[in-house]
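Values reported hereafter were calculated over all heavy atoms of this structure, with side chains retained and with hydrogens, waters and symmetry mates removed.
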Amino acid sequence: MDPLVATLLATIAISFLSLSGSFFLFLKDQFVRRISLGLLALAAGALLGTAFLHLLPEVLENGQFPEHGFLILLGGFLIFYAGEKVLHLHHGAGGKEEHSPAALGMLSLLGDATHNFIDGVILAVAFLVDIKLGLVTAAAVALHEVPQEIAEFGVLLYAGFSKYKALFLNFLSAVTVIVGGVVGFLFQETLLSFIPYFLLFASGSFLYIAASDFIPEFKKERDFTKALVLSAIFFFGIFLMWSFTLIE
């Protein structure tokens with residue numbers, strides 16, 4: 001499959017995942033929480049598996065590990081940390097925000113759009129390297145997109161938007177993943193020489209999202225049976241990404 005076609009199909013499919021939040025939020029709160037935690041656990045495993053089993057090995061196996069490569073990896077981690085703090089996108093800490101609900105909703109949309117744009121560029125780069133690597137990366141992005149969009153939709157409702165307007169705005173922010181994919185191909189000649197840097201940066205960002213945002217959420221579960229199930233889902237996410245290495 002042509003890398004451009006694959007990227008467009010993947011980014012379009014991922015952008016439509018923004019509509020998933022509307023379905024879950026019409027269900028009972030307890031059920032939504034249980035499903036969301038399971039998705040978070042799966043996404044965390046998938047992101048860690050992608051970073052350690054696909055993105056980093058891709059850089060190392062081709063002998064393209066750049067000088068100061070670990071600083072780039074760390075930079076991806078720290079930039080997402082700083083961006084999250086600056087935009088006040090971390091809604092799970094204490095439930096207090098310095099901004100009004102409306103401002104929080106707009107900041108959240110801006111952060112989500114920026115993150116989706118970067119995802120699109122990363123996907124374009126991954127498909128340029130190898131179709132299978134692109135598919136694995138797309139799977140990881142899709143898995144973490146669902147719980148992210150559920151949370152994003154909830155924030156917009158909290159900010160005072162109607163359900164239909166929240167759904168529309170959420171979809172617009174998700175469409176930036178397509179823009180990022182197109183930009184990745186428009187500048188592919190320049191980007192090809194920077195592929196190792198993008199893969200390292202992506203690894204750092206995936207590690208941050210999984211370790212800082214997702215794992216702490218489902219680690220809060222104190223019921224032994226539920227915690228065991230969530231842990232099993234988490235490990236299954238890693239196993240799922242490992243299974244993709246068998247067909248590479």
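Residues Leu48 and Phe234 form a side-chain contact, since some pair of their non-hydrogen atoms from C-beta on lies under 4.5 Å apart. Looking only at side-chain heavy atoms (C-beta outward), Val136 and Leu53 stay at 4.5 Å or farther from each other. Within the 4.5 Å cutoff, side-chain heavy atoms of Val141 are placed close to those of Phe206. Side-chain contact between Leu199 and Pro196: absent, with no pair of heavy atoms (C-beta onward) separated by less than 4.5 Å.
The two atoms that bring Pro216 and Ala211 nearest to each other are CD-O, 3.2 Å, heavy atoms only. For the residue pair Ala174 and Asn116, the shortest heavy atom distance occurs at CA-ND2, 3.4 Å. Taking every heavy atom of both residues into account, Ala140 and Ala46 meet most closely at CB-O, 4.1 Å. Residues Met241 and His54 approach most closely at O-NE2, 2.7 Å, considering heavy atoms. Residue Gly237 comes nearest to Leu42 through the heavy atom pair CA-CD1, 3.7 Å, listed as atom of the first residue, atom of the second, then distance. Nearest approach of Phe185 to Leu128, heavy atoms of both residues: CE2-CD2, 3.6 Å.
Clustering ILVMFWY residues whenever any of their side-chain heavy atoms sit less than 4.5 angstrom apart, transitively, puts Leu60 in the very cluster that holds Phe52. Clustering ILVMFWY residues whenever any of their side-chain heavy atoms sit less than 4.5 angstrom apart, transitively, puts Leu78 in the very cluster that holds Tyr208. Linking Ile, Leu, Val, Met, Phe, Trp and Tyr residues whenever their side-chain heavy atoms come within less than 4.5 Å leaves Leu71 and Tyr81 in two separate clusters. By the criterion of side-chain heavy atoms lying less than 4.5 angstrom apart, applied directly or through intervening Ile, Leu, Val, Met, Phe, Trp or Tyr residues, Leu228 is not grouped with Phe218; the two fall into different hydrophobic clusters.
Going from atom CD1 of Ile118 over to atom CZ of Phe201 covers 5.0 Å, rounded to the nearest 0.5 Å. Between Lys219 atom NZ and Ser231 atom OG the span is 10.0 Å, to the nearest 0.5 Å. In this structure, Ser205 OG and Leu200 CG are separated by 11.0 Å, a value rounded to the nearest 0.5 Å. Atoms CZ and CD1, from Phe77 and Ile209 in turn, are 10.5 Å apart once rounded to the nearest 0.5 Å. Distance check, rounded to the nearest 0.5 Å: CD1 of Ile178 to CD1 of Ile12 gives 5.0 Å. To the nearest 0.5 angstrom, Asp130 atom CG is 8.5 Å from Leu135 atom CG.
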Residues Leu55, Ile122; criterion side chain to side chain contact (heavy atoms under 4.5 Å, CB included); working and verdict: CA-CA 11 Å; Leu55 300 183; Ile122 289 170; 5.6 Å; no
Evaluation steps, side chain to side chain contact (heavy atoms under 4.5 Å, CB included), between Phe171 and Leu167: CA-CA 6 Å; Phe171 179 72; Leu167 192 63; over 6 Å; no
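Each of Val177, Thr11, Thr137, Ile14 was scored for a side chain to side chain contact (heavy atoms under 4.5 Å, CB included) with Asp119, with one residue passing: Val177.
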